[in-house]
Amino acid sequence: MPELPEVETIARGLAPEVLGRTILAVQVLDPSALKPSPEAFLALALNQTIAGVGRRGKLLLLHLASPAPHANHNDHNNDHNASTSSSGILAIHLRMTGRVMAYAPGITPDKPRAILNLSGGVALSFADVRRFGSMHAFAPGEIDAWPFYRDLGPEPLTLAASDFRSRLTGSRSRIKALLLDQHVIAGIGNIYADEALFRASIRPTTPASALSPRQLNALHAAIQAVLTQAIAENGSSIRDYRTAHGDAGAFQNHFQAYGRAGKPCTRCQVPMVSAKVAGRTSTYCERCQK
DNA sequence: ACGGATTCCTGATGGC
DNA sequence: TGCCATCAGGAATCCG
């Protein structure tokens, strides 16, 4: 499931393929993929140029810009052109099975829900078998009013340890529930929550309020380390995730917790156990994680 | 304030 | 082999 490292990998791979290209057409194969509506999406995206590729939490962001206006006697360009510098945004949430790929003509991606045909013969496809994901189009400035975006917590890779501690210490919720809560920290999902808790030797069921500053510092460091390593490995491919070029990631080969129930702990060899925490399967070592 | 259940959706998996 | 139940999970929402 695409979490921060997977979305970051897709963004990095996508950028050189799509930057500066114009959205010439949108093939709508599943209207429910496009928000707020296919019509609104088309109106905001068509003839816009992709001026930036970014990420916020698990959201993939395509920053749009109006192409430089031609000298055209039909236009009434008395503007000072301030409006053309502000940009709309396409925000893509892949949820569980979403894939975003850039490909050349002749290549057929797996069952896309939508395809953006870009200038230069490049296509950008959005596929998503389970159809939980979506592509949202926003007019300039509107994304800041979108509750999901507006209420995202800070980015874990640039979050100071002191700020991380202060966001968690007040809560009596179990630590894993907080790590998964996008309002607390943005971008962590089930895989990296389990991996970070294992590295920090913290049990997912521990109330945040029971963690010492030292433990919170260790967790902060573990989160940054595991996310950084996962990005370096192009993310984790359990089943559906692929990079923007259709390749699998490699970090799944380094899992120490996620999906390892019944297998020996990499540290103490005791079999890992799993339990439902915050509604998610959580795998941990009863001996190493307290 | 917090946890649990439910909803959305489809493919993989395991039991019989 | 074929069928059915179960599971996987991000996030919103409702309920206790």
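Order of the sequence lines sets the chain letters (A, B, ...), proteins ahead of strands, with each chain counted from 1. This structure is a prediction, so every number in the text was calculated from the model and none was measured. Values reported hereafter were calculated over all heavy atoms of this structure, with side chains retained and with hydrogens, waters and symmetry mates removed.
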Qualifying salt bridge (Lys or Arg N to Asp or Glu O under 4.0 Å) pairs, either residue in [range], two or more places apart:
range                       : result
residues 41-68 of chain A   : A:Glu8-A:Arg55, A:Arg55-A:Glu155, A:Arg56-A:Glu155
residues 193-214 of chain A : A:Lys176-A:Asp194
residues 266-289 of chain A : none

Distance only, no hydrogens: is a donor on one side chain within 3.5 Å (strictly under) of an acceptor on the other, for [X] and [Y]?
X        : Y        : result
A:Glu233 : A:His254 : yes
A:Arg12  : A:Thr243 : no
A:Thr22  : A:Thr49  : yes
A:His245 : A:Asp247 : no

I'd like to know if the side chain of A:Arg172 and the backbone of A:Pro207 have a donor-acceptor N/O pair within less than 3.5 Å.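 No; judged by distance alone, with no hydrogens or angles, the pair does not exist.
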Touch check for A:Met1, heavy atoms < 4.0 angstrom, all strands: base, sugar-phosphate only, or nothing?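 Since only primed, P, OP1 and OP2 atoms lie under 4.0 Å of A:Met1, the category is sugar-phosphate.
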Please report, rounded to the nearest Å, how far the [atom2] atom of [N] is from the [atom1] atom of [X].
X        : N     : atom1 : atom2 : result
A:Asp128 : B:dC9 : CG    : C1'   : 9 Å
A:Phe132 : C:dC7 : CZ    : C1'   : 12 Å
A:Asp30  : B:dC8 : CG    : C1'   : 13 Å

For nucleotides 10-12 of chain B, give me every protein contact, N/O to N/O, under 3.5 Å, one pair per line with atom names.
residue	atom	partner	partner atom	Å
B:dT10	OP1	A:Arg131	NE	3.3
B:dT10	OP1	A:Arg131	NH2	2.6

A:Tyr103 vs A:Ile115, side-chain contact (heavy atoms from CB on, under 4.5 Å): CA-CA, chis, key distance, verdict: CA-CA 10 Å; A:Tyr103 62 96; A:Ile115 299 173; 3.5 Å; yes
Mind listing the N/O atom pairs, protein and nucleotides 11-13 of chain C, below 3.5 Å?
residue	atom	partner	partner atom	Å
C:dA11	OP1	A:His93	NE2	2.9
C:dA11	OP2	A:Lys58	NZ	3.1
C:dA11	OP2	A:Gln182	NE2	3.2
C:dA11	N7	A:Arg280	NH2	3.2

Over 60° means perpendicular and under 30° means parallel, so tell me whether A:Trp146 and A:Phe148 are parallel, tilted or perpendicular.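 The arrangement is tilted - the two ring planes meet at 30° to 60°.
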Protein heavy-atom contacts under 4.0 Å, written 5' to 3' over nucleotides 1-7 of chain B as B (base), S (sugar-phosphate only) or - (none), form the string -SSS---
